[in-house]
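All values below were derived from every heavy atom in this structure, side-chain atoms included, with hydrogens, water molecules and symmetry-related copies excluded. One-based numbering, in listed order, for ligands and for the atoms of each.
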Amino acid sequence: MRKRIIAGNWKMNKNVTEAVELATEIKAGHDNSDVDVVVCPPFTDLYAVHQVIKDSPIALGAQDVFWEDKGAYTGQISADMLKSVGCRYVIIGHSERRQYFAETDETVNKKIKKALEYELTPIVCAGELLQEREAGETEMVVERQVRGAFDGVSKADAVDVVIAYEPVWAIGTGKVATPEQAQQVHKFIRDLLAKLYDREFADALRIQYGGSMKPENAAELLTREDIDGGLIGGASLKADSFLGIVNA
Ligand code: 13P
């Protein structure tokens, strides 16, 4: 049985004061041990949020990582730095990074390998654009992204990965994928992982859905066989809506 995992991707929201406030509210309201809960604030909030949640079941995640250990890479953040402020997870390959910051399947792969080396759990994002869905290319695109992400990653390392299926047309648009649409792609990804590794591995790996998930639509999505959690943007910025999804 896969344990559900709900993660909040705060994106570029919340200064450190606001982040501490939100983390404090989430900690106070969270008492559901059936679900793994992760919050992913901006880099500048990580240390302060860790101070709030460190003795709670809520885990800390970052929104990106660089693939080198250290050096002259102005503006980048290393896996070691993330570990040192208490991160256990890191989002890699979010569509916004692919769209605005030149993230590719190759850089995603390098970042996953570095994260795993430092025992950070990657939350690897994959998902198609609207025009790709309309052209019937969803499975092709997602297959390319997933194959690229896991390229050269051993089964022993890959067991720690979480995948987030985030159809780009559903992100921040209020247009959620139907449970059927999401389930279909989640199953496709799981079957692909069975081909890349094996069935037992694929059955154990957790696949989150992301894209306009809200307390009102979460339960219906989360009861589908292959949907093991959510990666939440907008609805993770308020404690009551985020916890509403955790408890859905
Ligand atoms: P929204 O929940 O705001 O659609 O964002 C989803 C997302 O991108 C999470 O990473």
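- Counting only N and O atoms by type, the side chains of Q145 and D105 include no donor and acceptor under 3.5 Å apart.
- Remark: minimum distance from atom 5 (O) of ligand 1 to any protein heavy atom is reached at K11 NZ, 3.3 Å.
- Between atom 6 (C) of ligand 1 and the options G174, G233, G8, the minimum heavy-atom separation is to G233.
- Around NZ of K3, the count of heavy atoms belonging to other residues, nucleotides or ligands within 6.0 Å exceeds 12.
- The existence of a salt bridge linking D203 and R199 is confirmed by a sub-4.0 Å separation between a basic side-chain nitrogen and an acidic carboxylate oxygen.
- Those atoms of ligand 1 that come under 4.0 Å of a heavy atom in G211, given as number and element, are 4 (O), 6 (C).
- Counting only residues at least two apart or on different chains, the side chain to side chain donor-acceptor pair (under 3.5 Å) pairs with a member in residues 233-248 are N32-N247.
- Atom numbering of ligand 1 starts at 1 in the shown order; those under 4.0 Å from a heavy atom of E166 are 6 (C), 7 (C), 8 (O), 9 (C), 10 (O).
- Only the side chain of N9 comes within 4.0 Å of ligand 1, counting heavy atoms alone; its backbone N, CA, C and O stay farther away.
- Close approach of ligand 1 to G234 is summarised as follows: ligand atoms under 4.0 Å from at least one heavy atom of the residue are 1 (P), 2 (O), 3 (O).
- A side chain to side chain contact (heavy atoms under 4.5 Å, CB included) with V124 is found for exactly one of V146, I207, V161, namely V161.
- Below 3.5 Å of separation, one finds an N or O of S212 facing an N or O of ligand 1.
- Interface atoms of ligand 1 facing G172, defined by a heavy-atom separation under 4.0 Å, are 1 (P), 3 (O), 4 (O).
- Using a 4.0 Å cut-off between heavy atoms, A170 contacts ligand 1 through its backbone alone, with no side-chain atom that close.
- Within ligand 1, counting atoms from 1 as listed, the ones closer than 4.0 Å to a heavy atom of L231 are 9 (C), 10 (O).
- Under a cut-off of 6.0 angstrom, the local environment of CD in E180 is crowded, with over 12 non-hydrogen atoms contributed by other residues, nucleotides or ligands.
- Residue pairs meeting the side chain to side chain donor-acceptor pair (under 3.5 Å) criterion with at least one member in residues 45-73, sequence neighbours excluded, are Q51-K54, D64-R97, D64-K111, D69-K114, D69-Y118.
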